[in-house]
Amino acid sequence: MVINFAHRGSLTEAPENTLPAFEKALTYQPKGMELDVQLTKDDVLVICHDAKLTRFNKESTTFIKKLTWEEIQQIDVGSSFSKEYKGLHLTRLEDVLSITPADVLLNVEIKNIPVIYPGIEKKLLDCLEAYNRLDNVIISSFDHVALQNIYQLHPTLRLGMLFHYRLLDTWKYVKDSGLPVYSIHPNHVYVDQTFVQTCKHAGYGVFPYTVNDWKRYEELVSYGVDGVFSNRSEIFQNK
Ligand code: G3P
Ligand code: CA
């Protein structure tokens with residue numbers, strides 16, 4: 001059985017990583033859902049891929065970490081997607097936790113490094129615990145020190161190690177990290193059968209991102225991946 005993740009919600013139907021995008025994604029009953037977290041000035045975990053909102057709103061050039069939740073709610077992140085979403089603001093992690101069924105595996109990606117958001121790992125764990133999510137979540141990051149910090153705070157949590165680029169031996173790098181990594185999350189472009197088999201032989205799950213082409217998806221499944229991150233509902237609805 002593969003577990004495919006709705007990547008940033010259903011981002012073709014609503015602004016990515018916002019409440020409507022997650023609500024749309026959930027209508028497809030996905031097995032997994034992915035989102036990215038950042039932290040506001042007043043320590044609210046918000047869902048956003050970038051450290052600033054400029055991509056949604058050209059007038060907004062301040063870093064999220066310098067804005068309060070109150071201020072962030074005044075910033076429109078919907079109009080650039082369509083008129084229908086005019087006035088939409090960022091979503092808090094807790095708002096998604098409260099609508100996501102317990103059996104949907106959430107992948108929470110820590111987007112910016114603890115140097116930018118000191119203490120984000122603890123705040124994230126506290127929030128997940130408050131919503132009873134610790135048993136059905138993968139915490140992932142390209143920042144492997146953040147994963148180590150998560151491990152030290154909660155040694156049994158599922159960790160997903162993200163990789164932009166291929167390494168000589170990814171599985172060996174993961175093993176040498178000493179972290180009890182649950183799954184390896186590579187960019188799909190360099191994933192081949194050997195990559196999948198060596199990672200799986202070493203005991204890791206493999207979830208490539210971001211797979212939007214159906215033929216490529218089937219190819220990856222034939223290699224033995226455990227699932228993919230996808231923007232396409234045909235893929236993330238697992239049918
Ligand atoms: O977690 C998979 C994927 O989301 C990682 O890349 O840039 O889309 O956050 P990105
Ligand atoms: Ca992500």
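One-based numbering, in listed order, for ligands and for the atoms of each. We count residues from 1, following the sequence as given. Atoms considered below: every heavy atom in the structure, side chains included; atoms not considered: hydrogens, waters and symmetry mates.
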For Leu162, atoms of ligand 1 separated by under 4.0 Å from a heavy atom:
1 (O), 2 (C), 5 (C)
Any side-chain heavy-atom pair of Ile72 and Val44 under 4.5 Å
no
Please check if any side-chain donor atom of Asn107 sits under 3.5 Å from a side-chain acceptor atom of Ser140, or the reverse.
yes
Flag side-chain contact, heavy atom, 4.5 Å: Asp76 against Lys86
yes
Of Phe142, Phe5, Phe229, which has the heavy atom at the shortest distance from atom 6 (O) of ligand 1?
Phe142
Atom 10 (P) of ligand 1: closest protein heavy atom, distance to 0.1 Å, is His49 NE2, 3.3 Å
Looking at Asp176, I want to see if its CG is surrounded by more than 12 non-hydrogen atoms of other residues, nucleotides or ligands under 6.0 Å.
yes
Identify the closest protein heavy atom to atom 9 (O) of ligand 1: which residue and atom is it, and at what distance?
Lys111 NZ, 2.6 Å
N, O or S atom within Glu109 nearest to the Ca ion (ligand 2), by name:
OE1
Ranked by distance from atom 5 (C) of ligand 1, the top protein heavy atom is Glu109 OE1, 3.5 Å
Atoms in ligand 1 flagged as close to Asp36, the criterion being non-hydrogen separation under 4.0 Å:
9 (O)
Using side-chain heavy atoms (C-beta onward) and a distance below 4.5 Å, is Tyr217 in contact with Asn4?
yes
Mind checking whether His89 and Phe56 have ring centres under 6.0 Å apart?
no
Does atom NZ of Lys41 have more than 12 heavy-atom neighbours, drawn from other residues, nucleotides or ligands, at distances under 6.0 Å?
no
Starting from atom 1 (O) of ligand 1, what is the nearest protein heavy atom, named by residue and atom, and what distance separates them?
Glu34 OE2, 3.1 Å
Considering heavy atoms of the protein only, find what lies nearest to atom 8 (O) of ligand 1 and give residue, atom and distance to 0.1 Å.
Arg8 NH2, 2.8 Å
Proximity of His185 to ligand 1 by residue part, where a heavy atom lies under 4.0 Å:
neither
Give the residue, atom name and distance (to 0.1 Å) of the protein heavy atom nearest atom 3 (C) of ligand 1.
His7 NE2, 3.5 Å
Which angle, to 10 degrees, forms at the Ca ion (ligand 2) with OD1 of Asp36 on one side and OE2 of Glu34 on the other?
100°
Testing the 3.5 Å rule here: is there a donor-acceptor pair between the side chains of His7 and Asn231?
yes
